[in-house]
**Student:** 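Structure provided below as structure tokens; questions to follow.
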Amino acid sequence: MQLKENLHYVGVNDRTKELFESLWPLPQGISYNSYLMVNERIALVDTVDVNFFEEFLYRIRQAIGYRPIDYLIINHMEPDHSGSINLIRKYYPDITLVGNVQTFRMVDGYYGTGGNRLQVSDGDTLSLGDKALTFHLIPMVHWPETMVTFSPTDGILFSGDAFGCFGALNGGVMDTAIDTVSYWDEMVRYYSNIVGKYGPQVQKALQKLAPLEIKMICSTHGPVWTTDIPRVISLYDRLSRYEGDEGLVICYGSMYGNTLRMAECIAEAASEAGVRTIRMHDASRTHHSYIIADIFRHRGLIIGAPTYNGELFPPMETLLSELVSRNIRHRLFGCFGSYTWAGQAVKQIVDLTQLCQWDNLMSPVEMKQGDLVSVEEACRALGREMAHRLME
Ligand SMILES: Cc1cc2nc3c(=O)[nH]c(=O)nc-3n(C[C@H](O)[C@H](O)[C@H](O)COP(=O)(O)O)c2cc1C
Ligand SMILES: [Fe+2]
Ligand SMILES: [Fe+2]
């Protein structure tokens, strides 16, 4: 598929993988994007998951026939993109691999040594004829070797995983040719699940890329962005600053419905006080991928769970460790919990989230057995206080 003169899309769709990185659900599949820049010399930008090599090669040959490829630009070494390096080298033995010092350490470790190599540093340029490519290192977005490749004459940014999203491509590739509506949620989920831990590094990358006149973003997953570039960049900017929108996420665990009654009570009070966006998630039922995405998106967060065998209800402990490891900041926070003989849940929620430095609105609300009456007012106060703080 030709995106513009001299630029071909040669990526593939994966519509059968259930869990990306064996962690994140893919209800709409995922694409592994790869691009061919055709000039006097030809550059292939990234490869695809090795399971799709046959289709990948077919697409390359559709684009350029049996012409040799001069360069393979390796922006990112995660195997969903680097997996076909060895097979590409087999079919194109004269190809020169292009990467930075960290890239080649990983090439050695994953695929063994050998073949032509061109080691580039930050800011270096590679001429393809009358067009050139420049390389910009953006370490830890989300691996240490990560870089992006830019074509200054036509403003094309090959951004690797940055600005990528879940969801296979359904025929069209460019944002101008497709209905992008389903991809925006998937971009938040991709960002928060995969890149979310590295907000400061993403901020650095955005500053570094700001001077480039970007007209087209060719990432490794999801659509190619042109007219929607400002929206894509501003979404990444907000998410990497951990700036949530006005809504509230109430996430609870509950075995027999008691903790859930507290959650309902808090939600009602927040709604009565004017919060329109309230997302409720059961930590046992909703895949954490979606809960993490919702928490990245909203500024209010209330967490509640029962005590289980002297500890915090396990699914909530897992979720909290996922949140803490992503360094989520700037949340208005409240928590609640329940117990029957010796409560531990709220204490552990507070302990586990201490590192996040969230703005804790109230002391935790703790219910013994099913005695909602005794905590109802405290639950309502938490909901109201959250509403006021969200809307102030
Ligand atoms: C398997 C199991 C283990 C529990 N362990 C404790 C415990 O160690 N300490 C305690 O005070 N309550 C414990 N409880 C009681 C629950 O924390 C309490 O009933 C809570 O209100 C249940 O909330 P839920 O109705 O939202 O599931 C346990 C309950 C179950 C089912
Ligand atoms: Fe990656
Ligand atoms: Fe990727």
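Below, all heavy atoms of this structure are taken into account, side chains as well, without hydrogens, waters or symmetry copies.
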**Student:** Check the angle between the aromatic planes of W24 and H287 and answer parallel, tilted or perpendicular using the 30° and 60° thresholds.
**Tutor:** perpendicular
**Student:** Taking the ring centre of each residue, are H288 and H281 less than 6.0 Å apart?
**Tutor:** no
**Student:** Taking the side chain as every heavy atom from C-beta outward, state whether Q119 and V101 have any atom pair closer than 4.5 Å.
**Tutor:** yes
**Student:** Can you check whether V188's main-chain N or O pairs, donor with acceptor, with S192's side chain at less than 3.5 Å?
**Tutor:**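 Yes, because the side chain of S192 sits within donor-acceptor range (under 3.5 Å) of the backbone of V188.
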**Student:** If you link I, L, V, M, F, W and Y whenever their side-chain heavy atoms are under 4.5 Å apart, who else ends up in the same group as Y256?
**Tutor:** M255, Y308, F313
**Student:** Name all pairs fulfilling the ring pair (Phe, Tyr, Trp, His ring centres under 6.0 Å) condition that reach into residues 207-255, sequence neighbours left out, sorted by first residue then second.
**Tutor:**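 Qualifying pairs: F20-H221, H81-H221, F163-Y236, W184-W225, Y190-H221, Y191-Y236, Y242-F296.
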**Student:** Verify whether the ring centers belonging to F53 and Y91 lie closer than 6.0 Å.
**Tutor:** yes
**Student:** Going by side-chain hydrogen bond (donor to acceptor under 3.5 Å, both in side chains), name the residues that satisfy it together with N86, two or more places apart in sequence or in a different chain.
**Tutor:** R89
**Student:** Suppose clustering is done on Ile, Leu, Val, Met, Phe, Trp and Tyr with side-chain heavy atoms closer than 4.5 Å. Which residues sit in the same group as L355?
**Tutor:**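 Members besides L355, by chain and number: V324.
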**Student:** Sorted by first residue and then second, give each salt bridge (charged side-chain N to carboxylate O under 4.0 Å, His left out) pair with at least one member in residues 229-254; sequence neighbours left out.
**Tutor:** D237-R241, R238-E243, R238-D245
**Student:** Report yes if some heavy atom in the side chain of N100 is under 4.5 Å from a heavy atom in the side chain of F135; otherwise report no.
**Tutor:**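 Not touching, per the 4.5 Å side-chain cut-off.
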**Student:** Rest of the hydrophobic cluster containing Y198 (Ile/Leu/Val/Met/Phe/Trp/Tyr, side-chain heavy atoms under 4.5 Å)?
**Tutor:** M140
**Student:** Could you pull out all residues at least two apart from D371 that satisfy salt bridge (Lys or Arg N to Asp or Glu O under 4.0 Å)?
**Tutor:** none
**Student:** Taking only residues two or more places apart in sequence, or in another chain, which ones meet R276 in a salt bridge (Lys or Arg N to Asp or Glu O under 4.0 Å)?
**Tutor:** none
**Student:** Just so I know, are the side chains of P223 and C165 near enough to count as touching, which here means a heavy-atom distance under 4.5 Å?
**Tutor:**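 A side-chain contact under 4.5 Å exists here.
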**Student:** Applying ring pair (Phe, Tyr, Trp, His ring centres under 6.0 Å), which residue pairs with at least one partner in residues 316-357 are found, sequence neighbours left out?
**Tutor:** F333-W358
**Student:** Could you work out, with salt bridge (Lys or Arg N to Asp or Glu O under 4.0 Å) as the rule, every residue matching K197, not counting sequence neighbours?
**Tutor:** none
**Student:** Strictly by salt bridge (charged side-chain N to carboxylate O under 4.0 Å, His left out), give each pair with a member in residues 147-165 just once, sequence neighbours left out.
**Tutor:**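 For residues 147-165: K131-D154.
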**Student:** What pairs with E268 under salt bridge (Lys or Arg N to Asp or Glu O under 4.0 Å), at least two apart in sequence or on another chain?
**Tutor:** none
**Student:** Would N170 and R15 count as having a side-chain donor-acceptor pair, cut-off 3.5 Å?
**Tutor:** yes
